[in-house]
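Since this is a predicted model, take the numbers as computed values, not measurements. We name chains A, B, ... by the order of the sequence lines, and we start the count at 1 in each one.
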There are 2 protein chains.
Amino acid sequence: MESSSSEDLDSETLFIVSQTFKALGDPTRIRILHLLFKKECSVNAIAEALDIRQSTVSHQLRFLKNLRLVKYRREGTTLYYSPDDEHVMLILKQMIDHASHS
Amino acid sequence: MESSSSEDLDSETLFIVSQTFKALGDPTRIRILHLLFKKECSVNAIAEALDIRQSTVSHQLRFLKNLRLVKYRREGTTLYYSPDDEHVMLILKQMIDHASHS
DNA sequence: TCATTATATGAACATATTATCATATAAGCA
DNA sequence: TGCTTATATGATAATATGTTCATATAATGA
């Protein structure tokens with residue numbers, strides 16, 4: 001059974017891990033994901049809730065989408081975004097709890 | 001009981017979380033931490049094991065030290081570094097396992 | 001003290017990242 | 001078709017980041 005601590009990291013795993021953590025390493029993206037914990041949101045709803053520009057939200061959602069951390073469904077012209085990686089979301093929750101306890 | 005998913009993020013927590021994930025969002029730092037999983041290492045040992053410059057290792061260790069992710073003990077002129085945040089190390093392991101399964 | 005070994009530091013450079021503005025695209029409806 | 005709303009995209013500028021070189025510091029032992 002492979003274990004994360006007993007073997008060398010192959011370069012592909014290293015790349016995915018660093019990219020994913022990088023995605024979580026920005027306050028704006030964390031706020032977006034944290035908002036999506038509660039409910040799916042449209043792009044404009046996110047922008048309004050977090051008081052950031054629509055284009056900023058759209059750019060960051062594309063970033064998160066590329067890493068398959070979020071997905072969306074369309075309803076007319078509106079796109080509703082939601083989390084798409086339960087495990088990474090769980091990791092984010094853990095870190096938030098860890099940090100808020102320190 | 002506070003929960004990471006049901007309340008707003010205060011700015012201090014947001015800062016800590018993003019900084020910590022940023023620390024994990026670099027391949028070199030991940031490799032260093034992954035090496036330290038197995039055993040404490042001197043700066044030079046890390047540099048040799050990973051084939052990177054001593055000064056690079058030292059800079060990254062300072063980064064990790066500032067976030068209290070690593071600590072060290074001195075033995076003569078040699079500093080042995082080791083992990084200093086079990087929870088964050090656990091999160092790193094989870095992500096590595098998650099990524100290597102995908 | 002002087003030389004040696006191990007580590008840390010500062011400056012510089014190249015590259016990456018982030019937010020913003022302006023504009024484009026896409027869907028729905030009159 | 002033309003208008004409106006929602007979202008995406010491209011270019012740009014400011015800032016942040018990561019590595020390297022050169023050098024400084026710190027501990028040890030002859």
Side-chain angles (χ1 to χ4, degrees), chain A residues 9 11 14-36 39-82 84, chain B residues 9 11 14-36 39-82 84:
Chain A
L9 283 175
S11 64
L14 182 62
F15 180 75
I16 295 172
V17 170
S18 63
Q19 283 294 110
T20 308
F21 278 132
K22 195 166 291 185
L24 301 176
D26 174 75
T28 299
R29 287 190 292 267
I30 292 174
R31 294 176 74 210
I32 291 173
L33 291 172
H34 186 256
L35 188 64
L36 297 182
K39 59 177 183 312
E40 62 173 12
C41 292
S42 70
V43 177
N44 274 334
I46 296 170
E48 285 172 29
L50 304 183
D51 193 29
I52 49 189
R53 309 276 174 186
Q54 175 268 324
S55 68
T56 298
V57 175
S58 186
H59 280 304
Q60 298 296 15
L61 286 172
R62 179 171 57 175
F63 187 110
L64 296 170
K65 183 82 171 51
N66 286 339
L67 291 174
R68 300 180 196 282
L69 298 185
V70 300
K71 62 179 189 287
Y72 64 80
R73 69 178 178 86
R74 176 181 290 278
E75 200 167 291
T77 59
T78 302
L79 304 184
Y80 290 96
Y81 279 83
S82 56
D84 196 29
Chain B
L9 282 175
S11 64
L14 181 62
F15 180 74
I16 295 172
V17 170
S18 63
Q19 284 293 111
T20 307
F21 278 132
K22 198 166 290 187
L24 300 176
D26 174 73
T28 299
R29 288 191 291 269
I30 292 174
R31 294 176 73 211
I32 291 173
L33 291 172
H34 186 255
L35 188 63
L36 297 182
K39 59 177 183 311
E40 63 175 11
C41 292
S42 70
V43 178
N44 274 333
I46 296 170
E48 285 171 29
L50 304 182
D51 194 29
I52 48 188
R53 311 273 175 187
Q54 176 268 324
S55 67
T56 299
V57 175
S58 186
H59 280 303
Q60 298 295 15
L61 286 172
R62 179 171 57 176
F63 187 111
L64 296 171
K65 182 85 172 49
N66 286 339
L67 291 174
R68 300 180 197 282
L69 298 185
V70 300
K71 62 179 188 286
Y72 65 81
R73 70 179 177 85
R74 177 181 288 280
E75 200 168 291
T77 58
T78 301
L79 304 185
Y80 290 95
Y81 279 83
S82 55
D84 196 30

Check the distance between C/dT17's C1' and A/R29's CZ and give it to me in whole angstrom.
-> 8 Å
What is the distance from OH of A/Y80 to P of D/dT7, rounded to the nearest Å?
-> 8 Å
Any side-chain N or O of B/S58 under 4.0 Å from OP1/OP2 of C/dA8?
-> yes
Round to the nearest Å and state the distance from B/I32 atom CD1 to D/dG18 atom P.
-> 11 Å
For C/dA6, does either OP1 or OP2 sit under 4.0 Å from a side-chain N or O belonging to B/Y81?
-> no
Using a cut-off of less than 4.0 Å, is there contact between a side-chain N or O of A/N44 and OP1 or OP2 of D/dT7?
-> yes
Counting side-chain heavy atoms from CB outward, which of D/dT20, C/dT7, C/dT5 is closest to B/R53?
-> D/dT20
For residues A/G25 and B/K22, report the shortest heavy-atom separation together with the two atoms involved.
-> O-CE, 2.8 Å
Tested for salt bridge (Lys or Arg N to Asp or Glu O under 4.0 Å) against B/E40, the lone hit among B/R74, B/R73, B/K71 is B/R73
Within the pair B/T56 and D/dT20, is there a side-chain N or O less than 4.0 Å away from OP1 or OP2?
-> yes
Which residue, A/R31, A/R29, A/K65, forms the side-chain hydrogen bond (donor to acceptor under 3.5 Å, both in side chains) with A/Q60?
-> A/R29
Position toward the 5' end of DNA chain C (nearest nucleotide), A/E75 or A/Q54 | A/Q54
Crowded around A/F63 CZ? As in, over 12 foreign heavy atoms under 6.0 Å?
-> yes
Is the phosphate of C/dA8, meaning OP1 or OP2, less than 4.0 Å from a side-chain N or O of B/R62?
-> no
Please state whether the base of D/dT20 and the side chain of B/H59 form at least one donor-acceptor pair under 3.5 Å?
-> yes
Expected output: side-chain B/S18 to main-chain B/L14 donor-acceptor under 3.5 Å | yes
Using whole Å, report how far CG of A/D26 lies from C1' of D/dT17.
-> 13 Å
Counting just side-chain N and O atoms, does A/T77 come under 4.0 Å of either OP1 or OP2 of D/dT4?
-> no
Quickly work out the B/L24 CG to D/dT17 P distance and round it to whole Å.
-> 14 Å
Can you tell me the distance, in whole Å, between the OH atom of B/Y72 and the C1' atom of C/dT7?
-> 10 Å
Atom-pair distance (CZ on B/R31; P on D/dT19), nearest Å = 10 Å
Per nearest nucleotide of DNA chain C, the residue lying toward the 5' end, B/V43 or A/I52, is B/V43
Protein-nucleotide distance (A/R74, atom CZ; D/dA6, atom P), rounded to Å = 13 Å
Taking only side-chain nitrogens and oxygens of A/S55, does any of them come within less than 4.0 Å of OP1 or OP2 of C/dA19?
-> no
